[in-house]
Student: 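Dumping the structure here so I can ask a few things about it.
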Amino acid sequence: MIDTIEAWFRLSAERIHEQARALTVLDQAIGDGDHGINMDRGFTAIVASFAAGRPAGESERGIAGAMVRLAGRTLISTVGGAAGPLYGTALMRAGGIIASSEPATPAAEVVVSALEAAIGGVQGLGKATTGEKTMLDALRPAVTAGRTELEAGGNPKAVLEAMAEAAEAGAEATIPMLATKGRASYLGERSIGHQDPGATSAALLVRAMADVVADD
Amino acid sequence: MIDTIEAWFRLSAERIHEQARALTVLDQAIGDGDHGINMDRGFTAIVASFAAGRPAGESERGIAGAMVRLAGRTLISTVGGAAGPLYGTALMRAGGIIASSEPATPAAEVVVSALEAAIGGVQGLGKATTGEKTMLDALRPAVTAGRTELEAGGNPKAVLEAMAEAAEAGAEATIPMLATKGRASYLGERSIGHQDPGATSAALLVRAMADVVADD
Amino acid sequence: MTTTTTTMKKLINGVDDLVPESLAGLGAAHPDLVRIDAANKVVLRAGGPRAGKVALVSGGGSGHEPLHGGFVGRGMLDAACAGNVFTSPVPDQMEAATRAVDGGAGVLHIVKNYTGDVLNFQLAAELVSGEVEVATVVTNDDVAVQDSLYTAGRRGVGGTVLVEKIAGARAEAGGTLAEVTATAVKVNANARSMGMALTSCIVPAAGTPTFELPDDEMEIGIGIHGEPGRRREKLAPVDEIARMLVDPIVADLQLERGERVLAFVNGMGGTPLIELYVAFNAVAGLLAERGIGIARTLVGDYITSLEMAGFSVTLLRLDDELTGFWDAPVHTPALRWAV
Amino acid sequence: MTTTTTTMKKLINGVDDLVPESLAGLGAAHPDLVRIDAANKVVLRAGGPRAGKVALVSGGGSGHEPLHGGFVGRGMLDAACAGNVFTSPVPDQMEAATRAVDGGAGVLHIVKNYTGDVLNFQLAAELVSGEVEVATVVTNDDVAVQDSLYTAGRRGVGGTVLVEKIAGARAEAGGTLAEVTATAVKVNANARSMGMALTSCIVPAAGTPTFELPDDEMEIGIGIHGEPGRRREKLAPVDEIARMLVDPIVADLQLERGERVLAFVNGMGGTPLIELYVAFNAVAGLLAERGIGIARTLVGDYITSLEMAGFSVTLLRLDDELTGFWDAPVHTPALRWAV
Ligand SMILES: Nc1ncnc2c1ncn2[C@@H]1O[C@H](COP(=O)(O)OP(=O)(O)O)[C@@H](O)[C@H]1O
Ligand SMILES: Nc1ncnc2c1ncn2[C@@H]1O[C@H](COP(=O)(O)OP(=O)(O)O)[C@@H](O)[C@H]1O
Ligand SMILES: [Mg+2]
Ligand SMILES: [Mg+2]
Ligand SMILES: [Mg+2]
Ligand SMILES: [Mg+2]
């Protein structure tokens with residue numbers, strides 16, 4: 001699991017760097033034009049932190065969870081804006097779930113639970129719910145799809161693929177939404193017709209996980 | 001003479017108003033983009049002052065001279081910038097010559113002498129000489145051409161036409177000049193290749209006089 | 001997305017040097033007033049923490065200068081945390097600032113109401129909880145945004161400057177943390193703002209204008225992050241524009257004939273002062289029409305959106321208490337009087 | 001001529017209302033400091049002429065705000081005459097101002113060295129000669145222009161602000177007309193400036209930018225009238241730009257290692273403060289390299305060219321006398337300290 005996590009962060013960082021301009025352009029339309037810049041800075045910092053070696057831990061899951069928690073702390077310390085605390089807290093909560101998971105629990109199941117916890121962190125802090133045109137509109141469908149696929153007995157690749165597709169669809173579904181949270185809400189009706197940058201980056205992250213798992 | 005002077009101011013005001021944009025554009029290239037605006041304001045004020053009636057005076061020449069002096073004072077009080085004091089002083093000097101001219105002196109001769117005095121006023125204040133890319137480069141050739149035509153026995157129309165043509169040629173001849181006075185001098189070599197706005201307005205004024213006389 | 005042809009013309013070295021070098025310049029220009037903690041991108045009041053004085057910490061994204069770093073000094077802020085351009089600073093910065101200025105009497109965090117600012121300050125407060133007593137005031141004076149279930153709440157804009165000045169005076173005068181907080185809350189409750197833009201601005205790291213505005217249009221109800229406003233309108237004479245800003249403010253504050261206000265006309269960064277005074281003249285005329293007295297004024301660029309052209313109006317209902325704290329000595333890089 | 005597509009976006013009513021309404025706004029914002037003579041477009045210090053005090057009168061075209069009207073008040077100017085945008089005021093205005101402020105001790109005219117300003121002030125001095133004792137100081141601190149037979153002489157730019165402040169302090173301290181004049185001359189002799197532009201600006205009555213500047217170029221050696229400078233260069237990092245401005249100043253002033261200066265970094269009107277502090281940081285670094293001490297600083301928009309983006313650097317060689325007068329109390333709309 002450690003290697004998967006590291007590969008996920010590396011692939012995410014790469015894609016966020018590639019998509020930074022696109023994310024910023026989305027944020028220019030309904031925000032303040034910094035989302036890509038902010039995320040790029042944060043994920044670059046996460047990857048840079050890997051050079052310091054892996055965190056100490058007793059078990060594979062413990063170390064993997066600690067890595068994710070540390071990555072969350074790195075986001076909080078480097079991203080700023082709304083996305084920093086939200087994604088940072090999300091990763092810290094997810095890391096906690098991973099670290100405390102039983103070795104016997106299947107990895108895909110842990111991923112879904114971790115994302116559930118992550119969403120709890122985002123909601124606890126940001127007080128948003130789905131339909132408000134935020135990252136939650138990508139994350140919540142992902143977790144629902146993952147849980148469904150898990151219950152249907154899907155293999156890890158299928159679970160992750162279902163999550164990624166749901167996240168991407170969710171991000172796209174933010175286009176017609178009226179924003180009622182975050183900066184985009186200041187625009188009122190004018191927020192309609194644009195895809196939410198945070199939902200877009202969220203879908204990118206879930207897609208990166210699916211691709212890493214698919215490559216395994 | 002009074003009517004000719006009034007007609008001259010009216011025609012000048014009209015043409016300056018028409019050419020205001022062009023004069024300003026010339027001033028944008030090598031100055032600060034206000035010459036047309038300034039001249040328009042001043043000549044509009046001169047014409048407006050006519051509504052108050054003609055100045056008192058004993059003789060035709062006395063009244064004509066007083067009108068020109070008053071117009072000079074009006075320019076000084078309304079134009080500002082370099083052109084206001086220079087043109088204003090020029091008219092005040094010219095008005096003095098007109099007022100004190102002998103009734104027997106031919107009008108064309110008075111016009112040439114008045115312009116000579118005007119140039120003296122401009123030079124006394126502005127300390128420029130010809131070749132420095134200023135209004136003097138239109139005015140000085142005009143007075144020289146007028147004096148020559150007078151001495152050759154030319155009629156008033158011929159004298160004024162010669163003056164107007166010389167002024168226009170003089171204004172055009174400022175294009176290759178390096179400015180060494182006024183704002184354009186700050187540009188150094190970059191002043192070369194542009195026609196001086198003040199020389200252009202000066203030529204316009206002399207041309208207006210020639211056209212008024214030609215229409216007589 | 002509109003494609004754009006505008007290139008970024010800025011007085012900078014690298015894009016990443018902008019904030020650190022600007023802070024360094026602030027420190028070099030005002031060594032008597034401020035000290036720069038470069039590692040944390042925090043502007044600290046020179047001379048260290050004041051024992052027994054409540055300390056005021058603010059901060060936010062950069063690009064709003066002089067807010068907040070220009071307001072550090074006697075009678076105003078003790079520290080300001082600078083984020084990247086239009087990006088809230090991170091909790092580590094606020095933690096460092098809070099620890100650095102604490103004089104034992106507690107620290108007031110002054111936070112503009114944006115999700116990012118609120119969350120990062122909240123995490124910072126958690127980081128020092130149990131060690132430093134922290135109170136938080138969230139400013140939300142922008143009437144362009146409804147404070148409702150359908151928004152992230154009204155934004156903190158021009159009123160923030162007034163909160164920092166007046167609460168700072170109360171702290172300087174020996175107010176307790178509860179008192180200073182109460183004063184800040186009172187200023188915020190009695191201040192309302194609204195702004196407009198003639199142009200967008202360019203976030204340096206983005207390199208293109210945040211939005212494109214046709215030559216004959218303007219944005220009404222903007223914030224301070226170069227973002228579009230509540231609506232787009234045809235360009236209009238400033239007297240009309242001023243009315244579009246003043247009317248909602250007066251209505252929201254329920255200002256009555258005979259009341260007295262502080263009238264603050266703020267430039268967004270790219271508007272020349274000659275125009276700002278024309279705007280002030282328009283605002284003064286509108287207030288006179290309504291029988292509202294102008295007891296204090298502030299005209300200039302105090303809370304900006306990079307090089308955006310435009311202005312905002314803030315009105316603060318004054319009473320003797322607030323007037324007295326407004327008049328109290330202040331000595332910062334950007335605001336100074338009576339000292 | 002380059003044709004242009006830019007429309008004028010300004011916070012104004014009519015073009016002709018700009019100057020009168022801006023003056024009215026200045027008066028409305030600072031009734032304690034200034035009084036507006038609207039008929040003559042003159043900003044007068046509130047409270048009428050000071051008996052026995054030398055009075056300072058300045059003025060020039062509008063578009064340079066806060067210069068000059070923003071510098072009227074205690075310890076600086078007694079009157080400022082406002083011309084149309086970039087057009088020197090007319091003698092009648094200076095005559096009115098001179099008569100209005102004369103307190104019997106004489107009046108100093110502070111005139112920026114432009115043909116129009118010099119001539120109009122000269123005519124005004126003639127209009128009051130024999131009635132009011134007038135001395136004139138012409139400021140010419142711009143090193144971009146050679147003071148030679150081939151130019152109208154160096155322009156008066158940033159140094160003018162320092163002349164007005166320091167000569168104003170000398171007058172406030174009871175200096176005679178000869179003494180105040182000598183101080184003004186001394187400041188001008190020890191001050192040098194140079195400026196640059198990233199953009200042009202639009203004279204409202206002209207309606208189009210004075211010049212067009214490609215997206216990757218800048219003008220070096222500009223004045224304060226939106227005009228092109230001495231030369232055009234490719235855009236460069238601000239550290240390099242600062243060097244292009246500081247080197248000629250230091251050379252012309254023959255500043256030596258160990259000398260102390262007032263370093264003034266001035267915004268041209270459209271440059272945000274965040275960038276101005278980056279520029280200041282660059283200037284401070286260059287002076288440190290040369291062993292020149294920065295004893296006093298001024299950073300902000302004090303002598304502008306409408307909404308032009310760019311900045312100028314002014315250095316003033318300081319001695320104890322000038323430092324003392326610089327530090328003396330000043331209370332005007334745009335500069336205020338120690339009071
Ligand atoms: N209350 C919230 N809950 C969940 N997500 C939010 C909330 N507020 C904002 N976001 C997300 O954050 C994204 C913006 O992030 P970013 O641009 O980095 O921050 P900022 O808005 O501070 O500039 C939005 O697109 C949205 O998805
Ligand atoms: N010293 C001078 N002597 C004669 N004419 C001058 C002098 N200086 C400037 N001028 C004339 O004045 C014109 C500029 O006038 P204007 O634009 O109205 O004034 P300003 O330069 O103050 O903006 C120049 O084109 C030039 O012809
Ligand atoms: Mg953003
Ligand atoms: Mg001109
Ligand atoms: Mg942001
Ligand atoms: Mg001019």
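No experiment lies behind these values; they were computed from the predicted model shown.
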Student: Counting heavy-atom pairs closer than 4.5 Å to chain D, which one of Pro204(C), Gly285(C), Gly270(C), Ala284(C) comes out on top?
Tutor: Gly270(C)
Student: Taking Leu273(C)'s backbone N and O only, do any of them form a donor-acceptor pair with Glu65(D)'s side chain (distance below 3.5 Å, no angle check)?
Tutor: no
Student: Which atoms of Ala24(C) come close to chain D, meaning under 4.5 Å heavy atom to heavy atom: side chain ones, backbone ones, both, or neither?
Tutor: both
Student: By a 4.5 Å heavy-atom criterion (distance strictly below it), what part of Ala28(D) contacts chain C: side chain, backbone, both, or neither?
Tutor: both
Student: Evaluate whether atom CZ of Arg290(D) has more than 12 neighbouring non-hydrogen atoms of other residues, nucleotides or ligands under 6.0 angstrom away.
Tutor: yes
Student: Counting heavy-atom pairs under 4.5 Å to chain C, which of Val85(D), Thr304(D), Val299(D), Leu26(D) comes out on top?
Tutor: Leu26(D)
Student: If you look at every heavy atom in Pro333(D) and Tyr277(C), which pair is closest and at what distance?
Tutor: CB-OH, 4.1 Å
Student: Answer yes or no: are there more than 12 heavy-atom neighbours, outside Asp16(D) itself, under 6.0 Å from its atom CG?
Tutor: no
Student: Could you check whether atom CG of Asp32(C) has more than 12 heavy atoms from other residues, nucleotides or ligands sitting under 6.0 Å from it?
Tutor: yes
Student: Measure Ile241(D) against the heavy atoms of chain C and call it side chain, backbone, both or neither at under 4.5 Å.
Tutor: side chain
Student: Would you say that more than 12 heavy atoms from the other residues, nucleotides or ligands in this model lie under 6.0 Å from the CZ of Arg296(D), or not?
Tutor: yes
Student: At a 4.5 Å cut-off on heavy atoms, which part of Val339(D) comes close to chain C: side chain, backbone, both, or neither?
Tutor: backbone
Student: Please flag which part of Pro214(C) lies under 4.5 Å from any non-hydrogen atom of chain D: side chain, backbone, both or neither.
Tutor: backbone
Student: Between Thr297(D), Leu11(D), Asn281(D), who has the most heavy-atom pairs with chain C when the cutoff is under 4.5 Å?
Tutor: Leu11(D)
Student: Are any side-chain N or O atoms of Lys9(C) and backbone N or O atoms of Glu217(D), one a donor and one an acceptor, separated by less than 3.5 Å?
Tutor: yes
Student: Look at the side chain of Asn13(C) and the backbone N and O of Asp239(D), then say whether any donor-acceptor pair between them is shorter than 3.5 Å.
Tutor: yes
Student: If you measure from CD on Glu307(D) to CD1 on Ile274(C), what distance do you get to the nearest 0.5 Å?
Tutor: 10.0 Å
Student: Give, for atom CG of Leu306(D) and atom CD of Glu275(C), the distance between the pair rounded to the nearest 0.5 Å.
Tutor: 7.5 Å
Student: Under 4.5 Å from any heavy atom of chain D, what part of Met268(C) do you find: side chain, backbone, both or neither?
Tutor: neither
Student: Starting at CZ of Phe280(D), measure out to NE2 of His30(C) and round the result to the nearest 0.5 Å.
Tutor: 7.5 Å
Student: So for Met308(D), is it side chain, backbone, both, or neither that comes closer than 4.5 Å to the heavy atoms of chain C?
Tutor: neither
Student: Using heavy-atom distances under 4.5 Å, tell me whether Leu213(D) contacts chain C through its side chain, its backbone, both, or neither.
Tutor: both
